[in-house]
Protein chains: 2
Amino acid sequence: MIRVVVADDERLVRLGLRAILDAEPDLTVVGEAANGAEVVSLVRELRPDVVLMDVRMPQIDGIRATEQLTTTLDPAPRVLVVTTFENDDYVYEALRAGAAGFLLKRARAEEMVQAVRLVAHGDSLLFPNAIRQLAAGRRAPASAPSPTDRLTEREGQVLRLMAAGLTNGEIAERLVVSPETVKTHVGSVLAKLGARDRTQAVITAYESGFVQPG
Amino acid sequence: MIRVVVADDERLVRLGLRAILDAEPDLTVVGEAANGAEVVSLVRELRPDVVLMDVRMPQIDGIRATEQLTTTLDPAPRVLVVTTFENDDYVYEALRAGAAGFLLKRARAEEMVQAVRLVAHGDSLLFPNAIRQLAAGRRAPASAPSPTDRLTEREGQVLRLMAAGLTNGEIAERLVVSPETVKTHVGSVLAKLGARDRTQAVITAYESGFVQPG
DNA sequence: AACCGGCTCCCCCTGGCGGGGGAACTGGTC
DNA sequence: GACCAGTTCCCCCGCCAGGGGGAGCCGGTT
């Protein structure tokens, strides 16, 4: 069970996020905070796996709160910065502060859920699809790390075969290893991509451009 | 078990197709023919589900053989015309003759297998991806029917939710029906798309453009 | 030498998935 | 009225998928 704390000064936003996350069987919102000071003490108390952190908040802003949490807690919670993406600067400041990634408020519920799973399971620094696309639309900043980047060579091979529609047994034959080994690799792929099953993994493979239609 | 007859005047081509098809647990090549006369009598005798028919063959060409089979047998076998696609005319002649679809010799094994399952399960007139793309590259002929076209409205909704990574139970909640109903729709989608499982169905959804990345 | 990441294989176990049936109701067509 | 396609729901069943462990081997790093 992935435990989440939601921090946003707007009650409606907190409600919306809670509705989306609590609908998932493997996610639970254990607490809400309305400002930066509140979230810091709440997270110290509840020790959630993931914090959804709004940038603009009273008292202590999201960036400073993120910095406090990631530098003073061990293990540090994974912080997802919730943003409307009006301002580029937030991105780099948030990363410096130790944020694990970003969440666009206008993103689809599925994307949000997957992003939460992603940072909870893996430890990757990620730009969710929507952010990547917006960023690419303006000017490519540094490069756009995809969750598929963290896959090992073998895991990448396995994902490609998953995206070709093969079963574990067929992948095993193709790679000339045992089905158990394939299961191990598939498990690693699912964890690194934040996917619940092979179908979601294949979807991520398409959405991230790891494989292309046609 | 889908029973297939392979008709091609080149022995190597027959061997290659047999190797690809017999590797699938649900497919079996029950006979081979080297010319048009042979395939007609062989199919009358064996009554396979699917015939892979080369266009250029001695004695009776693939088109004429297709016409004889589809007009004189009941139930008629599903004929997939195997082609290298040098000549546009074959396409329309084959369709008039009752062919169920086309198979590019240079297509990947997975595409071939899926095409066979597709015509065996469904009864749709289909252009495999490779053909569709080549055709679109020249000039769009009439329109390019996709296997997703035959889905009912409800099945299309279900496929879209499958392609969003939802489980049957989650789809049931979203559509406010029972999980059993979703299972029925999913089963129909798999049959119509020639997919073995939901992962392959989602792949087809992306490959056919039914859903787009991004 | 000790360590770690990547790859390999094994166990047990649960649950969702998919195939096989069947059956009822709707609305539209013949 | 008979028929059919589409949608809905139900049964049983086997299988693969995915999570939980653990463990050994290799190669490069510290």
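Protein chains get the first letters and strands the later ones, always in sequence-line order, with residue 1 at the start of each.
Put simply, the side chain of A:Glu45 never gets that close to the backbone of A:Leu42: no donor and acceptor are under 3.5 Å apart.
The side chain to side chain contact (heavy atoms under 4.5 Å, CB included) test applied to B:Thr181 returns B:Val177, B:Ser178, B:His185, not counting sequence neighbours. In terms of the salt bridge (charged side-chain N to carboxylate O under 4.0 Å, His left out) criterion, residue partners of A:Glu24 (sequence neighbours excluded) are, by chain and number, A:Arg117, A:Arg196. By the salt bridge (charged side-chain N to carboxylate O under 4.0 Å, His left out) test, A:Arg14 is found to be paired with A:Glu32, residues two or more places apart in sequence or in another chain being considered. With sequence neighbours left out, A:Gln68 forms a side chain to side chain contact (heavy atoms under 4.5 Å, CB included) with A:Val40, A:Ile60. Remark: A:Glu155 engages A:Lys192 in a salt bridge (charged side-chain N to carboxylate O under 4.0 Å, His left out) (not counting sequence neighbours). Contacts of A:Ala7 classified as side chain to side chain contact (heavy atoms under 4.5 Å, CB included), with partners at least two apart in sequence or in another chain: A:Ala33, A:Val39, A:Met53, A:Met57. Judged as a salt bridge (charged side-chain N to carboxylate O under 4.0 Å, His left out), and not counting sequence neighbours, the contacts of A:Asp22 are A:Arg18.
Residue pairs meeting the side chain to side chain donor-acceptor pair (under 3.5 Å) criterion with at least one member in residues 158-169 of chain B, sequence neighbours excluded, are B:Asn168-B:Arg198. Evaluation of the salt bridge (charged side-chain N to carboxylate O under 4.0 Å, His left out) test over residues 173-185 of chain B, restricted to residues two or more places apart or in two chains, returns A:Glu110-B:Arg174.
The phosphate of C:dC17 (OP1 or OP2) has no side-chain N or O of A:Arg198 nearer than 4.0 angstrom.
Across all strands, A:Ser178 comes closer than 4.0 Å only to sugar-phosphate atoms, never to a base (heavy-atom distances). Contact annotation for A:Thr181: base contact, defined as any heavy-atom pair under 4.0 Å involving a base atom.
The terminal axes of the helix from C:dA1-D:dT30 to C:dC30-D:dG1, fitted over 5 pairs per end, subtend an angle of 30° to the nearest 10°.
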Between protein and nucleic acid, restricted to nucleotides 25-29 of chain D and to nitrogen or oxygen atoms under 3.5 Å apart, what atom pairs and distances do you find?
none

Inset, instruction - Would you mind building the protein contact string for nucleotides 19-30 of chain C? One character per nucleotide, 5' to 3', B for base within reach (heavy atoms under 4.0 Å), S for sugar-phosphate only, - for untouched. - result: B-----------
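Taking atom CE of residue B:Met162 and atom C1' of nucleotide C:dC17, one finds them 10 Å apart after rounding to whole Å.
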